[in-house]
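In this chain, residues are counted from 1 in sequence order.
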Amino acid sequence: MKALLLAAMPVVLMDGTTPDLNRWLQIEPAIIAAVECRQALPLRVLDGIAPNAPGSWSLTPERSFTAFGLPVKRIELFIDADGELGASYTAVIEKRSLEQVRKQLKLASQRRRIGQLSADQPGAEVQVTCTIAATGQG
């Protein structure tokens, strides 16, 4: 019976990459602060959310939200638990050109940041990434 219930569950719930709405509402402020380079994202925020690979998560929330006032489609996170490789927090932006995103980031860049903020378009999607340098000395 349990196998039948698991088979009937949406793939999103089985792979753990999309938290339910209540869970998302709990972690959203910390995720946005990390993407906006205002504070590091503690690993405990992602407790119970299965990574796609060690230290790597791709989250597609059930509701729309913004970072830097830009509409976000998906969040991609990398956090090295050992601190040797640092961390990166990426927001995949919806319906905006790279130029529009860079203008918005320029307006927001006057605030103090904990890491390096960049915008890029490696493919069809525009991405904003906060990269935090490693803390360990390998």
Taking atom [atom1] of [X] and atom [atom2] of [Y], what is their separation to the nearest 0.5 Å?
X   : Y   : atom1 : atom2 : answer
E28 : T66 : CD    : OG1   : 8.0 Å
Q39 : Y89 : CD    : OH    : 9.0 Å
F68 : I93 : CZ    : CD1   : 8.5 Å
W57 : L43 : CH2   : CG    : 5.0 Å
S56 : I79 : OG    : CD1   : 9.5 Å
I49 : S58 : CD1   : OG    : 11.5 Å

Exercise. Got a sec: does the CD of E99 have more than 12 other heavy atoms crowding it under 6.0 Å?
Worked result: no
Exercise. V92 and L70: same hydrophobic cluster, using ILVMFWY side-chain contacts below 4.5 Å?
Worked result: no
Problem set entry | Hphob cluster co-occupancy, L98 + V35, side-chain heavy atoms under 4.5 angstrom |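 Yes, it is one cluster - the side chains of L98 and V35 are joined through contacts under 4.5 Å.
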Acceptor/donor pairs from residues 116-127 side chains to any protein atom, 3.5 angstrom cut, sequence neighbours excluded:
{"from": "Q121", "atom 1": "NE2", "to": "A124", "atom 2": "O", "distance (Å)": "3.4"}
{"from": "E125", "atom 1": "OE1", "to": "R74", "atom 2": "NH2", "distance (Å)": "3.1"}
{"from": "E125", "atom 1": "OE2", "to": "K73", "atom 2": "NZ", "distance (Å)": "2.8"}

Search all heavy atoms of [X] against all heavy atoms of [Y] and return the closest pair with its distance.
X   : Y    : value
P19 : R23  : CB-CG, 3.6 Å
L85 : D80  : N-OD2, 2.7 Å
A67 : V72  : N-CG2, 3.7 Å
C37 : T131 : SG-N, 4.5 Å

Heavy-atom side-chain contact between [X] and [Y] under 4.5 Å:
X   : Y    : result
E36 : C130 : no
N52 : E76  : no
D20 : E62  : yes
L46 : L77  : yes

Exercise. How does the hydrophobic cluster around L21 look, that is, which other residues are in it when side-chain heavy atoms under 4.5 Å mark a link?
Worked result: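 Cluster partners of L21: L25.
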Exercise. Which pairs with one or both residues in residues 40-51 pass side chain to side chain donor-acceptor pair (under 3.5 Å), sequence neighbours excluded?
Worked result: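 Counting only pairs at least two positions apart or across chains, no side chain to side chain donor-acceptor pair (under 3.5 Å) contact touches residues 40-51.
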For this session: Decide side chain to side chain contact (heavy atoms under 4.5 Å, CB included) for L41 and I31; before the verdict, give the C-alpha distance in whole Å, the side-chain angles of both, and the deciding distance to 0.1 Å.
Result: CA-CA 7 Å; L41 183 67; I31 299 278; 3.9 Å; yes
Exercise. Is the W24 to F65 ring centre distance short of 6.0 Å?
Worked result: yes
